[in-house]
Structures are given as C-alpha cells and as structure tokens.
Protein chains: 2
Amino acid sequence: MNFSIKDVARTAGVSVATVSRVLNNSDKVTEETRWKVLRAVETLGYVPNYSAKSLRTNFSRGIGLVISHDVDYFITFPYFSEFIRGMGQTLSGTDYHLVMVMSTDSRDDISSHLRAFERKVVGGVVLFDVMDNDKRIPVLKKYKVPFVVVGRPSLDEDYLYVDSDNVKGGMIATEHLFKIGCKRVLFINGPKGHSASRYRLNGYLKAHKKFGVQVDKKLIIYVKSDSDMKNGYEIVKSSIGQIKFDGIFVSGDFMATGAIKALKDSGIRVGRDIPVVGFDDVPIASMVSPTLTTVKQPIKDIGKAAASTLVDVMNGRNATSKVFDVSLVIRQSTSREG
Amino acid sequence: MNFSIKDVARTAGVSVATVSRVLNNSDKVTEETRWKVLRAVETLGYVPNYSAKSLRTNFSRGIGLVISHDVDYFITFPYFSEFIRGMGQTLSGTDYHLVMVMSTDSRDDISSHLRAFERKVVGGVVLFDVMDNDKRIPVLKKYKVPFVVVGRPSLDEDYLYVDSDNVKGGMIATEHLFKIGCKRVLFINGPKGHSASRYRLNGYLKAHKKFGVQVDKKLIIYVKSDSDMKNGYEIVKSSIGQIKFDGIFVSGDFMATGAIKALKDSGIRVGRDIPVVGFDDVPIASMVSPTLTTVKQPIKDIGKAAASTLVDVMNGRNATSKVFDVSLVIRQSTSREG
DNA sequence: TTGTACGCGTTATCAA
DNA sequence: TTGATAACGCGTACAA
C-alpha cells in the first residue's frame, strides 16, 4: 500500500532520477515525461517518504517548539495558543509541520533543542519565553541551528526575532491611566529578567516622564514565576492597604482577570474607584465583567511571522526581524462610569 | 560536528552492528563492549539520526495531531491546551514528540492524517473533535494507521478511545439545578452530531426522568459550529423573553462565561435569579465572577491517557480504552445568595 | 534530456 | 558474542 519512488518510475516508464527531478521540479524535463510521472504519482497515490528525504538531504521540515517540563503550563496560556495558531496558519498547506518537543530539562537548558535538531526531528527552532541575555542564543548560533526568537532578549540584536512593541505598549497603557486621572499606577509586571518585562517597564517609566509623574518604585511589582491569574489576584489582594494606588496596569490579561477579581472581592469598584489595564487582548478580555481595557498585540501575526521567518532561514533565504505595532483597546475596566 | 554510528564504532573499536545493538539494548553484548560503546557515545556526544532510524525501521515516533484549517481556532480553547499539556507530560522524557499538522482539508477529511503517516512524519494519530459515526475511523483502520480517539463517536466501539463520562456529567449538572429549585433548565449543548453532545444530552434527559420533570424540547439548543463564548452570549441573549427558563446548563465553561455575561447585561442576577452550570472546569471558571459551578473533567489525564494509549498501540502492545470520571464543582453561579 | 549507481545513517540477517 | 553487509527511499554526480 506504500509505494516508493521506484514504483512510480516503473509505472511511468522512466527512471527514479527522472521522477525525483519532476517532484522537486529541478532540472529540465520535457513536458511529456513530466506528465507521465505526475500521472503515475496520481494513480498510485504516491507520497514521498520524508524520513528518506530528510536522511538524504540532511534537512528536516520540522519546526521545533521546545517546552520545558517545569513550565509546561505555559502551553495553556491564551497568548501561547494564539501564537501557535498563527504559526499553524503560515505552515498550513506547506510541507512543514510543527513539532512540540517536551523536554525534561529546565527552561534555560538548550540541550533538548540541540538533540532534536541533530536527530533531524526538527530543522530549526522557535525560541520563546526568552530571558535577558538568554544563554541559549549563542549556543544555537555555535551549532548552526536555524532559529528565530520571539522577543528581544539582548541589545546586540545579532539574531532574527519577532516581537511586538512592548515599550509602546507599556507607555500607552500607563498614559491612558494618567489621562483618566490616576496618579499612582500599580504595575504588575511579568517576571524579572524576561525581556518583555524590561521593555514594558521602559514604557511605563516613559509615560511617567511624559506626564511629569514621580515614579514610586514600590508600585512596580514583578511576578515571581510566570504570569498567571492567581498571581494577579494575590498580588492585588496583598497590595491593598499596603501600598496606595489608584490605578493598575497588569502585564497580561490573564493576570488582569485575577487582579479585577481581587478588587471586586475587596469591595472596590473596578473603573470608578480603580481602573485596570491589561495586556494582550486575548478572547476573555471582552467577556469578563467589566470588560477589560487592554493593550492589543497581534499575537497571531507574530506567530505567522515567526514561522515564515524560520522557514526562510532554514532555506538559506535572508529574512529580517520584525516588530509589530500594538494599540490600546478601551473597554469598561477603565470607565469612570462603571 | 554531527557524528554517525560509524564514528562511534571506530572510536569504540567495534563494528556498527555492535553499536546499534548496545544502543537498542537488543541481543547480547558483553559488559565490556557495552561499556566501550557507551563511553564512545559519551565522548563524541553522539545523537542518533531519527530520519535514518525511521527509514530503516519504517517507524516514526511522531504523535500526530491533525488540525484542519477551518477549525484551527480550536487550538485556542482552554480544553485543547490542557489536553495537549497532558499529552506532553506523558511524552516528556521519551523519544516521542508531538507533531501538529495543519491541514488545508476540511475537518472530516482524513487524507492529511494518511499523508502524514505515509510520509512517516507521524507514526500514529490522535483523533479528536469527532462526530457521531465519524467516517475517518474506518479509513484509519483500513490503512492500519495506529490511532486513538478522544471521545466515543459510535456505538460499536471497535477502536481505542479515551473519554470522560459525559452522561454522568450531563446528569449531575442538571440534577444540581433541579435540587436548588429549577424546573426549566435551558441546555446549551455542543454542536449536533458531536459525540460528546449526544452523551451529555443523555445525562440531561436522565436527570429529568429521575426528578420526574417533563422535558421541553424547546429548552434544548445546539450551538451551530463549535462552542465558543460568543455562542453562549448570543444564545442566552436571544432566548431571554423567547423561552421561559429558570436555570442554564452550558456545555463548556468558555460558553458559560458568555452566557453569564448575557444574563448580567440583561439585569438578571446569576445564581439568585438564574443559576448557571458549565462544563470542563478550565482555569477561568474560578476567576470569573460569579465563579462558575461546573462539571470537572480530568482533561490533563485524558491527554495523558491518549498519548500513552497511542504509544502502546504503535508498539503493538495491547491497550484498553478508558472512561474518566467527572465531578461537580459547586461555586457561586448556582448560589441562591448571589 | 534521461539513466545508472552511489551514499545518506540505521537496523537486521547471516556468518563467523 | 561479534562483524560484514544488504536494504530502507531518496537525491544527485556523472555518464550516456
């Protein structure tokens, strides 16, 4: 039931070399032989064996996404899902496929990436969840593994990346809160050391400068591990009474949902008393109540760009890094009417 | 930088056959030669080439998950994310890897699965999002593609599946609503034809029988396409005033979130006026307000079982289908105090 | 323009 | 217990 290139050759009455040439539309073949071959492929339902292809060409069409065991809950974040969806849309209809490697290594260990590449399970990798000066990058370079980074973890940007404009994001979120009268904006940022956290903080500070507001470092809080809803809930819960604030900027909608719940549970009116701005604009943002004002990132587009950039690199085409614009989506959580 | 088995053999002073034997701990080898080989592997940092392995053995360690282009948003559902996470946890530390194939075919087209299998990109597939009497199943059987089904789409269960007890789920959800005084429970079910929808309806009907409540077919609504939050919102919105109901059972937390929002937007108090029960118990269920009473499915466990079952099948071991228990998690959305 | 023949890295068969 | 070697399906250098 599984035909090989030989069967096609025999059926078409040509040599395997010719079949190969037609299938990889290389070299010259007459229209007639091309037609004969394609007809044979069709009748047999021939499907090329990618293992053989990969072995022969030393090239794999697997797009690697390595996920460390200890942070596998990352998969469940709406941001990540949407990102993968974007990659999928780019890869759809191509011969490339997404390979998720679940490693037992810790998140900053590159060996799983390397192994997957050497095994030819993947032909390149997407590096996400990157830290400042991520140590994995130089290693990938050293071993010549094609890769693309989601985010910008270092200043000497000597690698390909796709990112959204986090500085602008942090800025417009904070600005919006200032504009509606906030003076002391609590900033629940992502984990310290994460590149996105740094850029967003930058934007937050910029907005302060622009509006002539003094920065109070006590208002800047980093979540310990990765951002999730519980963090948002607990941080706000414990901040109430401890720190004075009249607005909240949360680095992630999921967390913001938790923050809002904490306010509500404390009898504080979201919007009227304390406005809240999130980040990402994932689907739940428009379904929670109050609906969430947030910084919209084109996550799907970032995923698409990551995939196409990586494929380009894998094929030796030159590609360029991209930074995507963000925008503020104003909803109920910053409405003073609420 | 990429060593082959030959290099290992040369370094260890043995033949490639011996190296292969050691690496696949087949056959007999003396402790001494085994040690020599392993040492050589270690020093060279040898990593086997899976393409070659796959070519030779006609076996692929890719666990296939085919996603149709037209329903790719499925990826973003919390249920799916958690499911993948479960699979990942089982696969972590093994040589198997998850392969997501984005197809351009429609969802009931099996050809992408077949192609991925014939290409040896995957060695088996997970079939999810199945319909009653899914036509893909007999085809997979015919072509001897190892597979496992998530759900139970047909009565002659002549295939391996993992599922949760949807009948019980539908039953305990409805029962709970009856117990707190509801008489007319609006049931927003998944799409018609989906196997899970059928089982949950079954449970819904059973509860009616048990409590001696007449079933009003007008109260049973199927979402058109796949369940999402908007469906929940719009269905409830348009039902208010049209149909009399005093409780809602929604087949999915995401949709339930939409349903709750619709009630709130209409000035109806969730819980006190109209209690709502969801399904799944995804993370947002405990973060929305009111928090959501829901049927908890062990989604991650289902994912784990799907992966391990498929690996068993791929290796010719015999495996058994599994049905996972569900339970009711009572929260605020069914509290009369709310 | 087309065909022959080799080799990619691995496993399995057969001899030794 | 170990080694030599054929074969898996494919692409390509070289020959025709």
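Just so you know, these numbers use all the heavy atoms, side chains as well, and skip hydrogens, waters and symmetry mates. Numbered from 1 within each chain, the chains take letters A, B, ... in sequence-line order.
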Expressed in angstrom and rounded to an integer, what is the separation of [X] atom [atom1] from [N] atom [atom2]?
{"X": "B/R34", "N": "D/dT2", "atom1": "CZ", "atom2": "C1'", "value": "14 Å"}
{"X": "A/R61", "N": "D/dC10", "atom1": "CZ", "atom2": "C1'", "value": "13 Å"}
{"X": "A/K120", "N": "C/dG9", "atom1": "NZ", "atom2": "C1'", "value": "12 Å"}
{"X": "A/F59", "N": "D/dG9", "atom1": "CZ", "atom2": "P", "value": "22 Å"}
{"X": "B/K36", "N": "D/dT1", "atom1": "NZ", "atom2": "P", "value": "15 Å"}
{"X": "B/E31", "N": "D/dT1", "atom1": "CD", "atom2": "P", "value": "11 Å"}
{"X": "A/L23", "N": "D/dG9", "atom1": "CG", "atom2": "P", "value": "15 Å"}
{"X": "B/I5", "N": "D/dT5", "atom1": "CD1", "atom2": "P", "value": "16 Å"}

Among the nucleotides [options], which one has an atom lying closest to any side-chain atom of [X]?
{"X": "A/N49", "options": "C/dT11, D/dC10, C/dG3", "answer": "D/dC10"}
{"X": "A/R21", "options": "D/dA4, C/dT10, C/dG3", "answer": "C/dG3"}
{"X": "A/S20", "options": "D/dC10, C/dG3, D/dG11", "answer": "D/dG11"}
{"X": "A/L55", "options": "C/dT11, D/dC8, C/dC8", "answer": "C/dC8"}
{"X": "B/K28", "options": "D/dT1, C/dT11, C/dT13", "answer": "D/dT1"}
{"X": "B/T57", "options": "C/dG3, C/dT11, C/dG9", "answer": "C/dT11"}

Could you spell out the base pairing of DNA chain C in dot-bracket, with Watson-Crick or G-U pairs whose two distances are under 3.5 Å, [ ] crossing and | to another strand? ||||||||||||||||
Describe the nucleic acid contact of B/Y46 in one word from base, sugar-phosphate, nothing, applying a heavy-atom distance below 4.0 Å. sugar-phosphate
What's A/S54 touching, base or sugar-phosphate or nothing? Going by heavy atoms closer than 4.0 Å. nothing
If you measure from the Lys or Arg side-chain nitrogens to the Asp or Glu carboxylate oxygens, is any gap between [X] and [Y] under 4.0 Å?
{"X": "B/K322", "Y": "B/D301", "value": "no"}
{"X": "A/E82", "Y": "A/R85", "value": "yes"}
{"X": "A/D72", "Y": "B/K300", "value": "no"}
{"X": "A/K53", "Y": "A/D95", "value": "no"}

On the ring face of B/Y143, is B/K141 found with NZ or CZ under 6.0 Å from the centre and within 45° of the axis? no
Is a side-chain N or O of B/S68 found less than 3.5 angstrom from the main chain of B/D70, in a donor-acceptor match? no
Please state whether the phosphate of [N], meaning OP1 or OP2, lies under 4.0 angstrom from any side-chain nitrogen or oxygen of [X].
{"X": "B/T33", "N": "D/dT2", "result": "yes"}
{"X": "B/S4", "N": "C/dC8", "result": "no"}
{"X": "B/Y50", "N": "C/dT11", "result": "no"}
{"X": "B/K6", "N": "C/dC8", "result": "yes"}
{"X": "B/N24", "N": "C/dT11", "result": "yes"}
{"X": "B/K53", "N": "C/dG9", "result": "no"}
{"X": "B/T18", "N": "D/dG3", "result": "yes"}

Assign the ring pair B/F80 / B/F74 to parallel, tilted or perpendicular, where the plane angle (0 to 90°) is split at 30° and 60°. perpendicular
Has the side chain of B/R56 got a donor or acceptor atom sitting under 3.5 Å from an opposite partner on the base of C/dT11? yes
Can you check whether any acceptor in the base of D/dG9 is under 3.5 Å from a donor in the side chain of B/R119, or vice versa? no
Donor-acceptor side-chain pairing of B/S81 and A/S81 below 3.5 angstrom: yes
Heavy-atom check, side chain of B/I63 versus side chain of B/V125, under 4.5 Å: no
